[in-house]
S.K.: 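My questions all concern the structure below.
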Amino acid sequence: MSEITPSQTVGPFFAYGLTPVGRCNWDPNGHYSWKNSVESNLVTPDVSGTRIRIEGTVFDADNAPINDCMIEIWQADAQGRYASPQDSRALPNSQFKGFGRSATDKAGLFVFDTIKPGSVPGPGGKEQAPHIVVAIFSRGMLRQVYTRLYFSDEAANAADPILNLVPTERRGTLIAHKEAGDPPVYRFNVHMQGDEETVFFEV
């Protein structure tokens, strides 16, 4: 061999394998031939609570949208109960799993239809403000990053034990702002890097 073997990058494959339908949102002729394993609509027939839509854009360090991210969310139901073996309380919304997945489209936009979660117990039994856990899978990252989405119209944010760990000047990166709509829209943009970088948590 007379030359050095060129380096290669493998993947990412998450959009191809986990959000095949998401691609057709921006490329009608480019969708894959099977369905998403998890969808971005979390609403089930038995679920109670206020229906909401979450919309946001993922930006890179240059403030350009990223069109091939995958976003996952995990949340409690409106009564603050998780569909998890670790939550032994009765589940009034037994079909609601609280887990969803969305691809970003050509403009970096992701969308979830869900219900607004209730407050949940936190460290030491202290009540946490309603929130959603968000995981972002993006190009160039070997591991996903985690953040939280809080709601702009929640007075409970002021006493949330996790939100209060974040410096005041950066808490705004975790707040989804309510917009008019039916259902109401909460806008939550994610900045992977840069001056407006979202706060990410180690979990």
Side-chain angles (χ1 to χ4, degrees), residues 7-19 22-27 30 36 38 40 42 52-75 99-114 116-117 122 128-154 156-181 184-203:
S7 61
Q8 296 183 359
T9 299
V10 179
F13 298 121
F14 47 76
Y16 176 79
L18 299 174
T19 60
R23 180 185 171 93
C24 70
N25 291 332
W26 57 275
D27 184 5
N36 287 347
V38 179
S40 59
L42 285 67
I52 62 171
R53 171 167 281 199
I54 296 167
E55 293 185 2
T57 303
V58 182
F59 295 98
D60 65 14
D62 296 322
N63 221 25
I66 304 176
N67 64 9
D68 56 359
C69 281
M70 185 177 76
I71 311 298
E72 291 183 346
I73 63 172
W74 168 240
Q75 66 168 94
F99 178 75
R101 179 180 291 147
S102 173
T104 54
D105 67 9
K106 192 174 184 178
L109 178 71
F110 62 89
V111 177
F112 290 98
D113 290 298
T114 184
K116 193 172 180 183
Q128 298 184 76
H131 67 274
I132 293 175
V133 176
V134 182
I136 301 104
F137 300 74
S138 182
R139 66 178 74 147
M141 294 167 36
L142 297 178
R143 295 184 59 186
Q144 69 273 35
V145 291
Y146 295 92
T147 188
R148 283 185 168 203
L149 179 161
Y150 288 88
F151 299 91
S152 60
D153 54 350
E154 280 293 339
N157 290 346
D160 184 86
I162 305 301
L163 193 57
N164 279 314
L165 296 174
V166 178
T168 305
E169 67 274 14
R170 300 204 62 207
R171 288 179 197 165
T173 68
L174 303 178
I175 305 297
H177 293 276
K178 188 177 183 179
E179 299 177 353
V185 173
Y186 287 88
R187 186 157 304 281
F188 183 69
N189 293 332
V190 176
H191 293 263
M192 300 304 294
Q193 291 178 305
D195 294 339
E196 300 178 76
E197 181 178 320
T198 299
V199 170
F200 300 110
F201 296 92
E202 288 191 20
V203 295

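One-based numbering along the sequence shown.
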S.K.: Working to the nearest 0.5 angstrom, can you tell me the gap between Ile73 CD1 and Ile54 CD1?
M.R.: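 One finds 5.0 Å between CD1 of Ile73 and CD1 of Ile54.
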
S.K.: Per the salt bridge (Lys or Arg N to Asp or Glu O under 4.0 Å) rule, what does the pair list look like for residues 54-64, sequence neighbours excluded?
M.R.: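 Salt bridge (Lys or Arg N to Asp or Glu O under 4.0 Å) check on residues 54-64 returns Arg53-Glu55, Glu55-Arg187.
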
S.K.: Let's go through Asn67 and Arg139 carefully: what are the C-alpha distance in whole Å and the side-chain angles of both, what is the deciding distance for side-chain contact (heavy atoms from CB on, under 4.5 Å) to 0.1 Å, and is it a yes or a no?
M.R.: CA-CA 10 Å; Asn67 64 9; Arg139 66 178 74 147; 3.3 Å; yes

S.K.: Please name the pair of heavy atoms, one in Phe188 and one in Thr173, separated by the smallest distance, quoted to 0.1 Å.
M.R.: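 Looking at all heavy atoms of both residues, the closest pair is CE1-O, 3.5 Å.
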
S.K.: Any sub-3.5 Å donor-acceptor pair from Asn164's side-chain atoms to Ala158's backbone N or O?
M.R.: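 Pair found, side chain donor or acceptor close to backbone of Ala158.
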
S.K.: Do any pairs count as a salt bridge (Lys or Arg N to Asp or Glu O under 4.0 Å) and have a residue in residues 161-171, sequence neighbours left out, and if so which ones?
M.R.: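 Checked against salt bridge (Lys or Arg N to Asp or Glu O under 4.0 Å) - neighbours excluded - no pair reaches residues 161-171.
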
S.K.: Considering non-hydrogen atoms only, spot the tightest contact between Cys69 and Thr104 and give its length.
M.R.: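 For Cys69 versus Thr104, the nearest heavy atoms are N-OG1, 2.8 Å.
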
S.K.: To check you understand the geometry: which heavy-atom pair defines the closest contact between Gly100 and Leu42, and what is its length?
M.R.: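 What the structure gives for the nearest pair is CA-CD1, 3.7 Å.
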
S.K.: Calculate, to the nearest 0.5 Å, the distance between atoms CD1 and OG1 belonging to Ile66 and Thr57 respectively.
M.R.: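 Ile66 atom CD1 to Thr57 atom OG1 measures 10.5 Å (nearest 0.5 Å).
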
S.K.: How would you list, by chain and number, every residue that makes a salt bridge (charged side-chain N to carboxylate O under 4.0 Å, His left out) with Glu196, sequence neighbours excluded?
M.R.: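 So Glu196 forms no salt bridge (charged side-chain N to carboxylate O under 4.0 Å, His left out) with any residue.
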
S.K.: Using 0.5 Å steps for rounding, measure from the NE2 atom of His131 to the CH2 atom of Trp74.
M.R.: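 His131 NE2 to Trp74 CH2: 11.0 Å, rounded to 0.5 Å.
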
S.K.: Considering residues at least two apart in sequence or located in another chain, which fulfil the ring-ring contact (aromatic ring centres under 6.0 Å, His included) criterion with Phe99?
M.R.: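 ring-ring contact (aromatic ring centres under 6.0 Å, His included) check on Phe99 returns nothing, list empty.
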
S.K.: Could I get the full list of ring-ring contact (aromatic ring centres under 6.0 Å, His included) partners for His191, not counting sequence neighbours?
M.R.: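 So His191 forms a ring-ring contact (aromatic ring centres under 6.0 Å, His included) with Phe59.
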
S.K.: Check whether any side-chain heavy atom of His177 sits under 4.5 Å from a side-chain heavy atom of Asn189, and report yes or no.
M.R.: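 No, too far: nothing below the 4.5 Å cut-off.
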
S.K.: Answer yes or no: is there a side-chain heavy-atom contact under 4.5 Å between Val134 and Phe110?
M.R.: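 No, side chains not in contact.
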
S.K.: Going by side-chain hydrogen bond (donor to acceptor under 3.5 Å, both in side chains), name the residues that satisfy it together with Thr198, two or more places apart in sequence or in a different chain.
M.R.: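 For Thr198, no residue satisfies side-chain hydrogen bond (donor to acceptor under 3.5 Å, both in side chains) once neighbours in sequence are set aside.
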
S.K.: Is it true that a side-chain atom of Ser102 and a backbone atom of Ser40 form a donor plus acceptor pair closer than 3.5 Å?
M.R.: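 A pair under 3.5 Å: no.
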
S.K.: Rounded to the nearest 0.5 Å, what separates atom NZ in Lys116 from atom CD1 in Ile132?
M.R.: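 If I round to the nearest 0.5 Å, the distance is 10.0 Å.
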
S.K.: With a cut-off of 3.5 Å and sequence neighbours excluded, list every side-chain donor-acceptor pair involving residues 141-152.
M.R.:
| residue | atom | partner | partner atom | Å |
| --- | --- | --- | --- | --- |
| Gln144 | NE2 | Tyr146 | OH | 2.8 |
| Thr147 | OG1 | Val199 | O | 2.7 |
| Arg148 | NH1 | Gln128 | OE1 | 2.8 |
| Arg148 | NH1 | Tyr150 | OH | 2.8 |
| Arg148 | NH2 | Gln128 | OE1 | 3.0 |
| Tyr150 | OH | Asp160 | OD2 | 2.7 |
| Ser152 | OG | Ala176 | O | 3.3 |
| Ser152 | OG | Lys178 | N | 3.1 |

S.K.: Are any of the side-chain heavy atoms of Phe201 and Ile162 separated by less than 4.5 Å?
M.R.: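 Side chain of Phe201 against side chain of Ile162, heavy atoms only: contact under 4.5 Å found.
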
S.K.: Between Asp153 and Tyr186, is any pair of side-chain heavy atoms under 4.5 Å apart?
M.R.: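 Asp153 reaches Tyr186 side chain to side chain.
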
S.K.: Could you work out, with side chain to side chain contact (heavy atoms under 4.5 Å, CB included) as the rule, every residue matching Ala61, not counting sequence neighbours?
M.R.: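 Residues passing side chain to side chain contact (heavy atoms under 4.5 Å, CB included) with Ala61: Gln193.
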
